[in-house]
Protein chains: 2
Amino acid sequence: MGRKQVWDQDDVLASAMRLFRHRGYLGASLRDLEEATGMHPGSLYRAFQSKEGLFSAALDAYNEQVVEARVRAHLREAENPVAGIRSFFTSAFDTDSEPDPGCLLTNTAVESFTIPQATAGVRRGLETIESGFADALTRARARQLLPAELDVEMSAAQLLALYQGLLVLVRSGTAAAKLHTITDGALASIGARQARTVKQAKKEEQR
Amino acid sequence: MGRKQVWDQDDVLASAMRLFRHRGYLGASLRDLEEATGMHPGSLYRAFQSKEGLFSAALDAYNEQVVEARVRAHLREAENPVAGIRSFFTSAFDTDSEPDPGCLLTNTAVESFTIPQATAGVRRGLETIESGFADALTRARARQLLPAELDVEMSAAQLLALYQGLLVLVRSGTAAAKLHTITDGALASIGARQARTVKQAKKEEQR
DNA sequence: CTCGTAGTTGAACGATCGTTCACAAAATAG
DNA sequence: CTATTTTGTGAACGATCGTTCAACTACGAG
């Protein structure tokens with residue numbers, strides 16, 4: 001009974017997500033969000049209660065769809081875990097969209113004093129990434145792609161920090177080539193044999 | 001000739017800096033800034049032209065005073081460069097102020113789509129830090145605190161990314177203990193002998 | 001003492017912010 | 001059909017935003 005909802009929740013949240021990612025929470029006005037989602041204020045408030053509510057829903061969607069999917073594809077299900085870690089990094093800044101919107105988690109973490117109720121979602125997303133790193137590292141170590149004495153927990157935490165840092169540099173306009181260099185170096189210093197040999201192989205080709 | 005200026009430029013910029021650091025550019029309203037600086041809108045606009053102008057001045061002051069001072073003290077003039085790098089990191093999140101406001105460069109980089117004319121200042125600050133890292137690493141390598149084959153440029157870039165990442169995690173409320181662990185691990189994986197022995201010494205004590 | 005100049009003050013402006021609400025439209029139940 | 005319920009629409013609200021400006025105050029030069 002009653003009228004049918006004409007908009008698709010996933011579509012609307014995807015649009016809102018994109019806008020929040022580019023402009024931040026404060027930078028995205030309700031008028032902008034209306035235009036982006038094609039919804040009217042009444043419907044938006046009926047569905048999400050407030051701007052905060054819409055943002056929370058978009059952040060949850062980001063965690064459940066974007067973050068989870070990326071962690072699964074690059075980290076948990078990658079056949080080569082070390083290559084997976086590398087592509088998890090590089091896919092974050094080798095984007096077609098110009099300028100790179102970065103990561104909603106990174107951007108929200110920085111803005112989180114303005115949106116205190118978003119910190120829980122940020123923490124959840126960061127934990128998902130960190131445990132994904134840990135999974136990939138464990139598997140890599142088991143396959144002797146990484147040194148046996150590697151401290152997985154610590155390296156995972158380190159990779160998370162580095163990842164967030166790269167996404168800050170992305171927003172500041174750092175060239176993608178430099179971010180690639182940092183990625184390579186990080187994998188090398190963790191002790192990735194394959195990463196190192198790939199890199200050395202390229203060097204040797206140039207001789 | 002004319003009336004004397006009653007406010008001190010350094011004091012005013014320090015207050016503005018603190019507010020922008022906590023709340024971000026969009027989150028700090030002119031009314032907030034008036035209260036924080038003790039100035040009235042007319043004087044503010046007379047001196048800084050606009051909110052953007054005030055922000056730019058505050059960012060420049062941050063670079064010239066906070067960033068430069070920190071880089072000099074911890075990186076360029078530290079007698080032990082490796083310990084200096086460590087304290088450069090830890091001093092960023094072992095703050096008395098609760099919650100930790102993070103770094104104005106980090107926060108601004110993320111918000112930079114809203115303030116395009118701030119990207120130059122951000123880049124300048126990041127470069128200052130990176131070259132400070134490079135200086136400390138070079139000196140450490142010369143004193144054989146780091147492996148002779150260390151790639152200084154690359155490690156400096158890596159440290160910069162890690163540093164920015166830690167400051168994101170700070171804003172998300174990550175415990176300081178974890179950030180310390182990451183710092184230790186990063187120094188160890190770069191190959192800091194001293195860092196590694198300190199850590200191992202602690203471990204051995206616990207046995 | 002007077003006058004020109006530089007600095008301060010705070011009321012007020014239009015624009016835009018997030019949000020509400022009365023009403024119209026579409027679906028189902030009886 | 002009518003009655004009931006759910007959803008869509010968009011004008012409008014008060015609050016706050018960044019900014020302006022005319023009146024006022026304090027200082028130095030002559």
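So you know, we letter chains A, B, ... as the sequences are listed, proteins then strands, and number each from 1. Just so you know, these numbers come straight off a predicted model, no measurement behind them.
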**Prompt:** Quick one: does A:T90's side chain have a donor or acceptor within less than 3.5 Å of a partner on A:R86's backbone?
**Reply:** yes
Q) Less than 6.0 Å separating the ring centroids of A:F133 and A:F89? A) yes
Heavy-atom nearest nucleotide on DNA chain C taken for B:V6 and for B:G2; more 5' hit belongs to B:G2
Rounded to whole Å, CE of B:M39 lies from P of C:dT8 at a distance of 6 Å
note: B:L44, atom CG; D:dT20, atom C1'; distance rounded to Å ~ 13 Å
Any A:W7 side-chain nitrogen or oxygen under 4.0 Å from OP1 or OP2 of D:dT7
no
Notebook entry, point to check: Salt bridge between B:R124 and B:E68, side-chain N to carboxylate O under 4.0 Å?
Noted result: no
Nucleotide by nucleotide, nucleotides 12-24 of chain C touches protein heavy atoms under 4.0 Å in the pattern (B base, S sugar-phosphate only, - none) B----BBBBB---
Salt-bridge contact A:R171-A:D100 (side-chain N to carboxylate O under 4.0 Å):
no
Check: Can you check whether B:H40 has a side-chain N or O nearer than 4.0 Å to OP1 or OP2 of C:dG10?
Finding: yes
Tell me whether the rings of B:Y163 and B:F88 are parallel (<30°), tilted (30 to 60°) or perpendicular (>60°).
tilted
To the nearest angstrom, the CD-C1' distance between B:Q5 and D:dA26 comes to 14 Å
ask   = When you look at CD of A:E35, are more than 12 heavy atoms from neighbouring residues, nucleotides or ligands closer to it than 6.0 Å?
value = no
